[in-house]
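First up is the structure itself, then whatever we jot down about it.
Proteins get letters first, then strands, A, B, ... in listed order; numbering begins at 1 in each. The figures that follow rest on heavy atoms only: side chains count, while hydrogens, waters and symmetry mates do not.
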Protein chains: 2
Amino acid sequence: MSRTKARAALLQELEEAMRRSSAQGVLYGQTVANVAGIANSDLECMDILHLEGRVTAGRLAEVTGLTTGAITGVVDRLEKAGLVRRERDEGDRRKVFITVVPEAAMKIGELYVPLQQAMERVWSAYSEEELRLLLRFANEGYKGVLAATSALKGHLDTPPEKRPDLKMRKLPRRP
Amino acid sequence: MSRTKARAALLQELEEAMRRSSAQGVLYGQTVANVAGIANSDLECMDILHLEGRVTAGRLAEVTGLTTGAITGVVDRLEKAGLVRRERDEGDRRKVFITVVPEAAMKIGELYVPLQQAMERVWSAYSEEELRLLLRFANEGYKGVLAATSALKGHLDTPPEKRPDLKMRKLPRRP
DNA sequence: ATATATATCTTAGTCACTAAGAGATTTAGC
DNA sequence: GCTAAATCTCTTAGTGACTAAGATATATAT
């Protein structure tokens, strides 16, 4: 097999392996939501709150892509479950800040422990230099996917007759 | 900073970077479904069909975790959209095989082109040896997440009083 | 002041999902 | 072979999260 062919095969394997692991990651998240007894997007919001801390309802809508009406429902459910609290902003009384209730949120955090442990087990076999490579890739990959997402969204906003044709993708391997 | 501390910090960065990029991957998938005008799980089924080829309705239910009733709905919608066909198995007439309609499915495949291009741009900066490392990690990571998923599911099946306590997770960094 | 903008919530209606079970076919036990 | 149990898909009724549109309350601009 020629040099560039070997690389092409490697890239295809890589693409498939990443798709598989990413799909499994989604499944893990669904299982967490299931065990926690909350909806999928409720968990997503908990995650955002975990990352960003104190966040307005509007920003949750922005980040999740849900309507503000849907966010009202999300926060209602999370509040009823004791996971978050609403706090009116005193400076601008239209705004509602959502904050996590740490003790309750920790119970959800625990559900990620199996995943963390599994990943730490995997990572333990890598040298620091290798880990740095993985980190670099994770960051660059993130940027790439982000760019691809807005490219695709842009494609959606473009009127059909003006859309540049996307190049064809390989057919299923088992047709 | 000590050697092991540097590594711990690296691991934490890594975890976060992977979470971010994986979340973005989910978003890309949702956008694809949106542009294609089909539901999220409809797209997931298309993906499975793409991977496995000819598949029974029951197997789709198995893989997606949906009920068979829900799969009936999925296949109804996909069939109406001209993306798949139902084919009764002649050997066992209870079974219904689902097959993709290649020409129609290709249109969906095209929506992954921006993602593929972005990833190829990222990968182009890596040596073959580095790509092999990424592939190794993707495969090991997949196995890790898979194991973690069934561990978490097992936790769900265990009666609450018998559940081993999962270790605590770090609190949000911005409390 | 009045108008416009912003932020959240409400309401009505839609759509995908589950649970339970019906219908059709196959497999197993006798 | 015939009956009973098992398997596979579909149907039905009901639920819950979502959207779109607009109501409400507060803030900003002219």
Taking OP1 and OP2 of C:dT6, is either one under 4.0 Å from a side-chain nitrogen or oxygen of A:Arg59?
no

Side-chain N or O of B:Arg93 closer than 4.0 Å to phosphate OP1/OP2 of C:dT27:
no

Write down the distance between CD (A:Glu62) and P (C:dT8), rounded to a whole number of angstrom.
10 Å

Side chains of A:Glu140 and B:Tyr126: donor-acceptor distance under 3.5 Å anywhere?
yes

Per atom distances to the B:Arg94 side chain, the nearest of D:dA6, D:dT26, D:dC18 is D:dA6

So B:Trp123 and A:Glu15, do their side chains get closer than 4.5 Å, heavy atoms only?
yes

Would you mind reading off the distance between B:Asn40 atom CG and C:dC15 atom P, rounded to a whole angstrom?
17 Å

A:Thr67 side chain near D:dC18 phosphate (N/O to OP1/OP2, under 4.0 Å)
no

Report which part of the nucleic acid A:Gly58 touches: base, sugar-phosphate, or nothing (heavy-atom distance under 4.0 Å, all strands).
sugar-phosphate

Contacts of A:Gly69 and A:Lys95 projected onto DNA chain C by closest heavy atom; the upstream (5') one is A:Lys95

Work out which heavy atom in B:Val100 is nearest to a heavy atom in B:Ala105; give both atom names and the distance.
CB-CB, 4.2 Å

Whole-Å distance, B:Leu78 CG to D:dC10 C1', equals 16 Å

Do B:Glu44 and B:Val63 have side chains that approach each other closer than 4.5 Å (heavy atoms only, starting at C-beta)?
no

Take atom CG of B:Asp89 and atom P of C:dT26, then tell me their distance rounded to the nearest Å.
9 Å

With a cut-off of under 6.0 Å to the ring centre and 45° to the axis, is A:Arg19 in cation-pi contact with B:Tyr112?
yes

C:dC9 phosphate, OP1 or OP2, under 4.0 Å from A:Thr68 side-chain N/O
no

By nearest atom, which of the nucleotides C:dA7, D:dC18, D:dT9 is closest to the A:Ala70 side chain?
D:dC18

Per nearest nucleotide of DNA chain D, the residue lying toward the 5' end, A:Arg88 or B:Asp92, is B:Asp92

Taking C:dT8, D:dC10, D:dC18 as options, the one with an atom nearest any side-chain atom of B:Thr72 is D:dC10

Nearest-nucleotide check on DNA chain C, B:Gly73 vs A:Gly73; residue mapping nearer the 5' end is A:Gly73

For atom CZ of A:Arg77 and atom C1' of D:dG16, their distance in whole Å
8 Å

What is the distance, to the nearest angstrom, from the CG atom on A:Asp76 to the P atom on D:dG16?
14 Å

Looking only at side-chain N and O atoms, does A:Arg86 come under 4.0 Å of OP1 or OP2 in C:dC9?
yes

Just how far, in rounded Å, is P of D:dT9 from CG of B:Leu60?
9 Å

At under 4.0 Å between heavy atoms, what does B:Ala57 touch on the DNA or RNA strands: base, sugar-phosphate, or nothing?
sugar-phosphate

Measure CD/B:Glu44 against C1'/C:dC17 and give the value in whole Å, please.
14 Å

So for atom CZ, which belongs to B:Arg86, do other residues, nucleotides or ligands contribute more than 12 heavy atoms lying within a distance under 6.0 Å?
yes

Does a side-chain N or O of B:Ser41 approach OP1 or OP2 of C:dA16 to a distance below 4.0 Å, or not?
no

